[in-house]
Number of protein chains: 2
Amino acid sequence: MLTISRLAAYAGVTVRAVRHYHQIGLLPEPERDRSGYRIYDAAAVVRLIRIRSLADAGVPLARVQELLGAGPEEFAGGVQEIDKDLRAEIRRLQDTRRRLARLAAGEHLALPQSVVDYLDRLRGLGVEERYIEMERDAWIMIAAQVPHRIDAVIAKKHEELDDPDMVKLYGILDEALDWPVDDLRMVEIADLLERLMIRAVEAGEVGGDDGIDDQFVDLLDSTMVESSPGAARLLAILEERGWKGWTRIERVPADRLDTELPPS
Amino acid sequence: MLTISRLAAYAGVTVRAVRHYHQIGLLPEPERDRSGYRIYDAAAVVRLIRIRSLADAGVPLARVQELLGAGPEEFAGGVQEIDKDLRAEIRRLQDTRRRLARLAAGEHLALPQSVVDYLDRLRGLGVEERYIEMERDAWIMIAAQVPHRIDAVIAKKHEELDDPDMVKLYGILDEALDWPVDDLRMVEIADLLERLMIRAVEAGEVGGDDGIDDQFVDLLDSTMVESSPGAARLLAILEERGWKGWTRIERVPADRLDTELPPS
DNA sequence: TGGAGGGCTGACCCAGCGTCAGGGTCAAGC
DNA sequence: GCTTGACCCTGACGCTGGGTCAGCCCTCCA
């Protein structure tokens with residue numbers, strides 16, 4: 001009487017969808033005629049239409065079955081739950097749009113505004129773009145590590161930049177990285193750096209817990225070291241003088257300096 | 001140095017996601033150590049973080065690659081297009097929510113309000129629930145067939161119910177369907193029906209194009225016939241008197257009555 | 001008798017991973 | 001030297017809701 005394509009047409013769905021519903025047990029498989037064709041009756045049309053009206057209303061197919069067989073209050077409860085899911089999904093998408101808008105506005109990928117401003121300040125000091133990109137990548141990682149504290153960290157960096165020595169350092173550092181490792185000016189830079197560090201230690205600005213794990217600090221440092229031979233040289237000089245690290249600089253106490261040397 | 005799980009942790013993704021990005025070419029496969037483990041560097045962390053910030057902003061992974069490599073204006077264009085998609089998706093979901101709310105409000109699955117009202121009127125006339133369910137199923141199918149005209153069709157049905165004979169018919173029909181087929185009262189019902197039909201024909205209410213295809217009418221009729229032996233009997237009596245169908249009743253002209261008999 | 005227009009099953013495809021299964025590797029403790 | 005537990009590897013299936021072949025069968029009409 002009623003073939004699958006007519007059934008599908010009456011209910012406004014595709015033949016493939018009907019077969020899919022059979023497969024997942026949503027619509028019972030009907031009788032077959034002698035050549036194996038499925039033959040339907042009006043009840044199938046009605047059930048199919050009801051399935052569609054639930055599905056069109058956003059009910060996942062997996063839940064359609066229970067809702068079709070449910071009494072009024074179960075039905076209302078189920079519908080409410082589905083509506084909750086829909087609301088959550090909409091909120092998620094709106095959130096996503098907001099993030100996307102921020103992305104479009106600033107084109108600053110993965111960086112909060114404060115960091116972008118900081119990098120702009122470096123640019124304003126005449127620091128080369130190549131070096132700024134290195135800084136930027138490091139900040140991308142740091143911001144991902146401690147997003148809640150990134151603004152505070154950046155604020156501290158801004159304070160550091162109020163020191164003329166720090167400005168001088170940045171102004172010279174990007175060139176210095178390309179100098180030959182035995183360039184004598186490297187020692188001058190190390191002196192400059194050491195002065196800054198000593199002042200920081202005296203101001204009690206060193207040693208606090210910054211919430212960044214040690215391995216991560218190592219990663220940042222090694223990136224720095226690998227970026228150029230000059231950088232490695234600089235760190236080596238400082239290490240001889242009892243300073244360790246770059247991202248998080250620490251004073252190595254004199255007595256530990258010896259014990260940490262590898263046993264020869 | 002950097003294993004896959006640490007890389008994933010730094011970027012805030014799962015290990016599986018990282019491998020997935022390798023698979024789809026979004027993140028280049030890094031070197032391996034001698035036991036086949038992937039080893040990453042800081043650049044991978046940065047790239048992964050950028051991938052995630054785009055993906056979190058709703059950019060499909062398939063488009064992340066182009067956007068990462070795009071200049072500012074391509075980037076802006078791409079972002080705008082993605083935002084358009086997001087808006088469309090949100091509208092779709094909100095539409096879905098509206099439909100769901102209507103479903104919840106009336107619990108009338110797949111039926112417009114006009115039909116629900118009509119069924120309520122029948123209920124008010126004392127028609128049995130069992131019969132009303134049959135009607136309802138038929139209306140579900142009709143409403144799916146001609147959704148734009150369902151209200152007009154129902155309005156006509158309401159007019160018919162203003163006729164006391166029609167009320168009488170409905171009041172008795174549901175019981176009648178259970179009577180034995182040779183019950184003499186069946187003929188009375190047929191008389192009643194015929195009177196109504198003649199009046200309808202005289203009022204010119206028969207024969208107009210109702211926009212429902214013939215096969216569909218046959219389906220509705222056969223459902224009616226199969227519902228009970230009484231129904232079949234009733235239709236048979238009327239057919240003898242020159243009336244055809246139920247859903248869409250037609251007068252069969254006397255001269256065609258003979259020619260339509262099967263050649264014996 | 002052949003072609004058109006159904007119908008049938010089985011299988012792959014989309015996104016973005018989650019989650020086994022069935023291994024190998026590495027560092028630490030006994 | 002052996003075990004244990006934590007990682008790592010690849011490969012494959014699963015989810016949603018069907019779309020889209022492919023290859024074959026069935027029926028009807030000219």
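Lettering of chains follows the sequences in order, A, B, ..., and the numbering in each one begins at 1.
- In this entry the distance linking CD of B/Gln65 with P of C/dG16 reads 13 Å, nearest Å.
- A/Arg63 comes within contact range of no nucleotide atom at all, as no heavy-atom separation falls under 4.0 Å.
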Which atom pairs link the protein and nucleotides 20-25 of chain D when you take only N or O atoms and keep those under 3.5 Å?
from: D/dT20; atom 1: O4; to: A/Arg16; atom 2: NE; distance (Å): 3.0

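- Between B/Arg92 and B/Asp95, no side-chain nitrogen of the basic residue sits less than 4.0 Å from a carboxylate oxygen of the acidic one, so the salt-bridge criterion is not met.
- Distance alone, capped at 3.5 Å, is enough to place a donor-acceptor pair between the B/Glu74 side chain and the B/Gly71 backbone.
- Atoms CG (B/Leu61) and C1' (C/dC14) sit 13 Å apart, rounded to a whole Å.
- For the pair B/Ser5 and D/dC8, the criterion of a side-chain N or O lying under 4.0 Å from OP1 or OP2 is met.
- Side-chain nitrogen and oxygen atoms of B/Thr14 include at least one within less than 4.0 Å of the OP1 or OP2 phosphate oxygen of C/dG18.
- With hydrogens and angles ignored, the 3.5 Å screen pairs a side-chain donor or acceptor of A/Arg47 with a backbone N or O of A/Leu26.
- Within 4.0 Å (heavy atoms only), A/Arg32 reaches sugar-phosphate atoms of the nucleic acid but no base atom.
- The shortest distance between the side-chain N/O atoms of A/Tyr21 and the OP1/OP2 oxygens of D/dG18 is below 4.0 Å.
- In this model, the phosphate group of D/dC9 is not approached by any side-chain N or O of B/Arg34 to a distance below 4.0 Å at OP1 or OP2.
- Regarding B/Ile39, its CD1 atom lies at a distance of 15 Å from the C1' atom of D/dC7, rounded to whole Å.
- Electrostatic pairing of A/Arg248 and A/Asp214 counts as a salt bridge here, judged by a charged N lying under 4.0 Å from a carboxylate O.
- Here D/dT10 presents its C1' atom at 13 Å from NE2 of B/His22, a figure rounded to the nearest Å.
- Among the atoms of the strands shown, only primed sugar atoms or phosphate atoms (P, OP1, OP2) are found under 4.0 Å from some heavy atom of A/Ile4.
- Listed by residue number, there are no residues of residues 89-97 of chain A with a heavy-atom contact under 4.0 Å to DNA chain D.
- More than 12 heavy-atom neighbours from other residues, nucleotides or ligands sit within 6.0 angstrom of CD on B/Glu129.
- Note: CD1 (A/Ile24) to P (D/dG14) measures 15 Å, nearest angstrom.
- Salt bridge status for B/Lys84 with B/Glu81: absent, with no side-chain N to carboxylate O gap under 4.0 Å.
- In this structure a side-chain-to-backbone donor-acceptor pair under 3.5 Å is missing from B/Asp221 to B/Gly245.
- Between the side chain of A/Asp83 and the main chain of B/Leu100, no donor-acceptor pair closer than 3.5 Å is present.
- Within the nucleic acid shown, B/Arg19 comes within 4.0 Å of at least one base atom, counting heavy atoms only.
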Tell me, with the steps shown, if B/Lys244 and B/Glu239 meet salt bridge (charged side-chain N to carboxylate O under 4.0 Å, His left out).
CA-CA 6 Å; B/Lys244 205 165 73 65; B/Glu239 199 145 354; over 6 Å; no
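- A close approach under 4.0 Å does not occur between any side-chain nitrogen or oxygen of B/Arg38 and OP1 or OP2 of D/dC8.
- The phosphate of C/dG7 has OP1 or OP2 within less than 4.0 Å of a side-chain N or O from A/Thr3.
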